[in-house]
Amino acid sequence: AHRTSSQEEKKEDGVKWTQLEHRGPYFVPLYEPLPDDVQFYYDGKPLKLSLAAEEVATFYAKMLDHEYTTKEIFQNNFFNDWRKEMTSKEQKIITDLDKCDFREIHKYFVDKSEARKALSKEEKQKLKEEADKIQEEYGYCMLDGHREKIGNFKTEPPGLFRGRGDHPKMGMLKKRIMPEDVIINCSKDSKIPEPPEGHKWKEVRFDNTVTWLASWTENIQNTLKYIMLNPSSKLKGEKDWQKYEVARRLKDVVHKIRAQYRADWMSKEMKKRQRAVALYFIDKLALRAGNEKEEGETADTVGCCSLRVEHIKLHPKLDGQEHVVEFDFLGKDSIRYYNKVSVEKPVFKNLQLFMKNKDPADDLFDRLNTSILNRHLQNLMDGLSAKVFRTYNASITLQEQLKALTNSEDSVAGKLLSYNRANRAVAILCNHQRSTPKTFEKSMQNLQTKIDAKKQQVEEAQQELKKAEDEFEDTKDAKAEANVEKKKKLLKRLEEQLAKLNVQAMDKEENKQIALGTSKLNYLDPRITIAWCKKFGVPIEKIYNKTQREKFAWAIDMADEDFEF
DNA sequence: CAGATAACTTAGCATAAGGAAA
DNA sequence: TTTCCTTATGCTAAGTTATCTG
């Protein structure tokens with residue numbers, strides 16, 4: 001039972017808190033100059049750099065063994081920004097990146113990180129305590145009478161920007177955040193955080209209609225960054241709950257909406273047809289909305305509304321299927337979406353129409369954008385937007401798959417495999433991929449070795465059982481009979497262990513390039529999982545680790561085994 | 001209504017931590 | 001105890017959406 005203090009009674013619309021107190025961001029340590037014996041070389045000769053130029057040089061030096069330092073865009077962006085940090089004398093000398101030798105600096109940092117790993121237990125313990133102290137001091141805030149964990153309480157350190165995929169800004173200098181860049185948000189009557197000695201905040205404001213504690217503008221894309229609460233906080237938890245409640249409301253009207261967009265496929269208005277086909281993709285394939293992006297500012301990625309003609313191919317017939325659309329484009333984080341889908345005939349016909357007389361680089365839905373689409377969705381249901389379809393389809397798929405795959409007779413290990421498979425179906429739907437882990441082959445091999453060894457043991461146990469049975473046949477004495485029972489038990493245990501290992505191997509293989517975490521954390525209503533755990537006697541800890549249990553505390557409190565999404 | 005912006009969620013990867021094996 | 005491997009956590013980029021502005 002929760003006590004409700006006066007501070008957290010229902011707030012006015014848009015008001016997120018009544019009291020907020022915190023220490024402000026923790027600023028990452030200032031740059032420490034290199035020791036004198038670690039040198040930078042230009043054109044083969046040692047060159048002592050100014051402090052600012054040296055700091056930026058170390059950013060590059062640290063990345064030397066990454067592939068992206070070999071890319072021309074990265075090098076050019078870096079060199080441009082680096083030169084801005086140089087003294088005019090340095091600018092005159094250092095004109096060619098190819099003549100720069102950072103290897104000694106690189107080695108210095110490699111050695112340093114080795115040395116850190118090799119620290120004694122006591123020294124590591126001491127470092128841990130220092131980190132814990134910072135966490136304790138800066139990592140929490142008071143919000144409406146509750147002590148809440150902050151998500152990211154440290155400023156981001158300076159360095160070289162690494163975008164994902166083919167990013168035009170890769171290698172640019174990401175500048176150090178100073179207190180003078182930071183806006184503090186807290187309550188008026190709280191203890192206002194002190195800026196570091198000798199510094200001032202950019203601004204202190206008291207805005208209770210937003211949830212962030214501090215913000216600054218980042219210099220690469222000129223966008224805002226925020227310090228916000230951890231997912232375990234009440235504020236975030238309630239928002240998460242709301243999100244799933246909106247998705248559940250979609251469940252009630254989705255049939256109507258589907259009927260509507262099917263009808264709109266035949267509309268006289270091109271705009272409506274495009275909207276209806278896009279919505280079909282969003283619903284059926286769980287595509288993202290797809291905002292327009294400024295060219296040259298980001299990697300070239302698309303979502304549904306921003307698809308271009310070049311991203312799809314139409315096949316009237318393919319592999320025995322009709323009306324096949326072949327999708328091939330880069331989505332969020334430059335993750336490739338590749339899929340061949342048989343679509344309903346009117347969709348196919350419409351796509352042919354949308355593509356007529358267009359160049360490959362033209363927009364497929366030239367009369368549509370996310371704001372038109374979302375305005376339409378908002379009219380269909382309060383709170384509905386494109387992303388709700390992803391949440392809805394992900395959660396409903398989990399529920400259906402769990403129903404279809406779980407066998408109550410199975411062992412816990414078997415049930416977990418079913419759960420992972422249901423989770424995997426969702427991850428595939430949402431196209432949540434990962435690169436094959438570097439250690440994948442090796443760890444698969446290790447597992448195979450274990451399986452082989454277990455098989456051997458099973459065989460031996462079978463032979464021993466046979467022997468024991470033969471002996472009992474001969475002697476018919478009680479001792480021999482007991483021995484048979486013993487061997488049977490042993491064999492059974494070993495067979496179970498073998499089965500478990502096989503299940504593990506299967507799960508691992510199927511999961512090679514699929515990331516389950518994102519859907520688990522962001523798309524699957526946790527109450528579905530909790531209900532399933534309760535129904536089939538699977539401990540919740542087998543599915544959710546500590547952090548996840550904290551994030552989903554609201555659901556663990558709430559859901560019983562009868563919960564239906 | 002287009003375009004910009006603020007606020008917030010979602011995303012994969014790198015690294016740290018922790019637990020098992022040697 | 002040390003080493004090895006897996007899992008958890010931290011990090012911050014990259015999306016979505018509502019709202020504001022002219």
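The analysis underlying the following values was restricted to heavy atoms, covering all of them including side chains, and did not include hydrogens, waters or symmetry mates. Computed from a prediction, not measured in an experiment: that's the story for all the values here. Chain letters run A, B, ... following the sequence lines, proteins first and then strands; every chain starts at 1.
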Original post:
Quick one: are the ring centres of A/Y523 and A/H432 less than 6.0 Å apart?
Top reply: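 Judged by ring-centre distance (under 6.0 Å), A/Y523 and A/H432 do meet the cut-off.
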Subject >> Ring center gap for A/H311 and A/Y337 short of 6.0 angstrom >> reply: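 Not close enough - the centres of the two rings lie 6.0 Å or further apart.
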**OP:** Would you please classify the geometry between the A/Y60 ring and the A/F102 ring as parallel, tilted or perpendicular, with 30° and 60° separating the classes?
**Re:**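 Taking A/Y60 first and then A/F102, their aromatic rings sit tilted (interplane angle of 30° to 60°).
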Taking OP1 and OP2 of [N], is either one under 4.0 Å from a side-chain nitrogen or oxygen of [X]?
X      : N      : value
A/R549 : C/dA8  : no
A/K442 : C/dC5  : yes
A/Y523 : B/dA11 : yes

[atom1] of [X] versus [atom2] of [N]: gap in Å, rounded?
X      : N      : atom1 : atom2 : result
A/E541 : C/dT7  : CD    : C1'   : 16 Å
A/F440 : C/dC5  : CZ    : P     : 15 Å
A/I177 : C/dC11 : CD1   : C1'   : 14 Å
A/K551 : B/dA11 : NZ    : P     : 11 Å
A/L516 : C/dT6  : CG    : P     : 16 Å
A/D13  : C/dT19 : CG    : C1'   : 14 Å
A/R434 : B/dA14 : CZ    : C1'   : 14 Å
A/L521 : C/dA8  : CG    : P     : 12 Å

Subject >> Where protein sits on nucleotides 12-17 of chain C, one letter per nucleotide: B base, S sugar-phosphate only, - none, heavy atoms under 4.0 Å >> reply: BSBSBB
Original post:
When every nucleotide of nucleotides 2-8 of chain B is labelled 5' to 3' by its protein contacts under 4.0 Å (heavy atoms), B for base, S for sugar-phosphate only, - for none, what sequence of letters results?
Top reply: ----SBB
**OP:** Let me know which of A/Y419, A/F565, A/Y544 forms a ring pair (Phe, Tyr, Trp, His ring centres under 6.0 Å) with A/W532.
**Re:**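 Of the listed residues A/Y419, A/F565, A/Y544, the ring pair (Phe, Tyr, Trp, His ring centres under 6.0 Å) partner of A/W532 is A/Y419.
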Original post:
Looking only at side chains, do A/S385 and A/N374 share a donor and an acceptor under 3.5 Å apart?
Top reply: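 Looking only at side-chain atoms, A/N374 and A/S385 do not form any donor-acceptor pair under 3.5 Å.
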Original post:
If we ignore angles and hydrogens, is there a donor and acceptor under 3.5 Å between the side chains of A/N511 and A/E509?
Top reply: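 No pair is found: no donor N or O on one side chain lies under 3.5 Å from an acceptor on the other.
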Original post:
Mind checking whether A/D525 and A/T391 have side chains closer than 4.5 Å, heavy atoms only?
Top reply: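 They are not in side-chain contact.
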**OP:** Please determine if A/K174 and A/E156 form a salt bridge, counting it only when a charged side-chain N lies under 4.0 Å from a carboxylate O.
**Re:**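 A salt bridge links A/K174 with A/E156.
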**OP:** Go through the steps for A/H167 and A/F161 under the test ring-ring contact (aromatic ring centres under 6.0 Å, His included), then give the verdict.
**Re:** CA-CA 10 Å; A/H167 198 116; A/F161 175 78; 5.0 Å; yes
Subject >> Closest-nucleotide 5' rank along DNA chain B - winner of A/K450 and A/S435 >> reply: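 Result of the comparison: A/S435.
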